[in-house]
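The structure appears right after this line, and notes come after that.
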Amino acid sequence: MTQFTDLGLAKPILKALTAEGYVTPTPIQAQAIPAVMLGKDLLGIAQTGTGKTAAFALPILHRLSEDRKPAPRRGCRCLVLSPTRELASQIAESFRTYGSGLGMTVAVVFGGAKYGPQIKALTSGVDILVATPGRLIDHLGERTADLSSTEILVLDEADQMLDLGFLQPIRRIVSGMSRKRQNLFFSATMPTEIGKLAKELLVEPVTVTVTPVSSTAERVEQQLLFIEAPRKRALLAELFESSKVSRALVFTRTKRGADRVAKYLEDAGVSSGAIHGDKTQSQRERALAAFKAGKVRALIATDIAARGIDVDGVTHVIQYELPQTPEAYVHRIGRTARAGAAGIAISFCADDERALLKDIQKLTRQTIPAFDRRNDKVLQAVTAATTSGPAAEQSLPQAKTRGGGAGANGPRAAKPHNHRPRGHEGKPGGDRQGRPEGRSEGQRSGQGAQRQGQGRGQGGGQGGQGAKTGQPRSIASTAPVAKWDPLKA
Ligand code: AMP
């Protein structure tokens, strides 16, 4: 089994990895790191939770440190494009963590934040720039950024870029870059448009495919509750009566819905925050930080806002409303199965959502077990799995949450905090700067339907959580699936 120490990474990087508690590379890391270290282009078919950030950050840091030169003025040596601000921040945090012993400079540029500090960082040049496309285009237009000397380009979550209407902006950004550069391209799925973009950007790439979309669905324990829409709120609050639901991400379809649910839960005594495109950047950051720190038990989110959010120890993902696209269902439940850990996903389904459910079950090739609301045992059933099963203990050994680290974030399953004073979060509404960039969430939501789940049924069959513990953790765990089991690795 390959270890990080076998890969030839610079010593300070290995030291940072040891400090993070990372010993064994995930499959995408084991395959991608050597190729990227050699300067090759890479096509990575992988979703978040596979360790893909380190798969590109580690070899990039290595390459830049082996060939030290001053960062170009107004530019960067490496540009990482991310679809959302949250993901951009997390990627920058990862670079800072892994590169802490290298003295590399890292800057983040995204919409909704002040221009001043971004211009200041860009003026002197940085080694690594992480940016969302819209704001970067603004900087290029104002000539406060210049990418003509950038040596490495990373495009992360390309399929999400497509959903957000960022393909043209990306082409514009790339047109100002030198052709002599290394390109790394990551996408969870490969719809036609994304395949086309990959072909345009990549030169003889090494292709790495891991964790097919459906295997997330197989790793997460899923529950379905048929419930009339007006009764959802009360049922949701009831779920939080179980202390097992200690850190839950709740998905709603609309921004207003997210606010309403957060308010209802607060009124019911469940500490909650909301995160969506109408929140200001600082409101979003505050809500996410409170959730990460275990200060709020429930984070109510829309799909776009939650995309790429990397919070360890999410015990439950609750789909208050089913998403418009089945891919979004898989992305949602993946929030509770970070890097090989198991989790529980509970979905509410009203009568008018049955068609959506059908699409989801088709994509995941699973029938989600349904519980009957009239059965008194239902709440016990949907929340009990964390008590008996190994899910609660199954987290990465010693691995830390990005940035803050395990010490800063406390135990993975945070204690419930029911009595947070009201008014902690920013008010709903506010300016519209808080959305990722570009279009409204409403405009975006339908577009994912163009995408097709791909890459299913591939991979190494390394055994799942169930295999490790002897207890099947998911309804489909009998099927051989490609997934990374950190406990086995
Ligand atoms: P990502 O797919 O980049 O979003 O990473 C998912 C999570 O896995 C993050 O919380 C990382 O900190 C964690 N992680 C990444 N690589 C490793 C590794 N080799 N060992 C343990 N944890 C890891």
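For the single chain, residues carry numbers from 1 onward in sequence order. Start at 1 and go down the list; that is how both ligands and their atoms are numbered.
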May I ask you to test the [X]-[Y] pair for a side-chain heavy-atom distance under 4.5 Å?
X: L42; Y: N183; value: no
X: I333; Y: Q319; value: yes
X: Y329; Y: D359; value: no

TODO: Have a look at ligand 1 and work out which part of V23, if any, has a heavy atom under 4.0 Å from it: side chain, backbone, both or neither.
DONE: neither
Task: Side chain, backbone, both or neither: E20 near ligand 1, heavy atoms under 4.0 Å - done: neither
Task: Min N/O separation G51 to ligand 1 under 3.5 Å - done: yes
Task: Y98 N/O to ligand 1 N/O under 3.5 Å - done: no
Task: E151 and R77 ion-paired at < 4.0 Å - done: yes
Open item on the list: If the threshold is 4.0 Å, N to carboxylate O, is there a salt bridge linking R171 and E200?
Closed with: yes
TODO: Determine, considering heavy atoms only, which of F4, Y22, F56 sits nearest to atom 23 (C) of ligand 1.
DONE: Y22
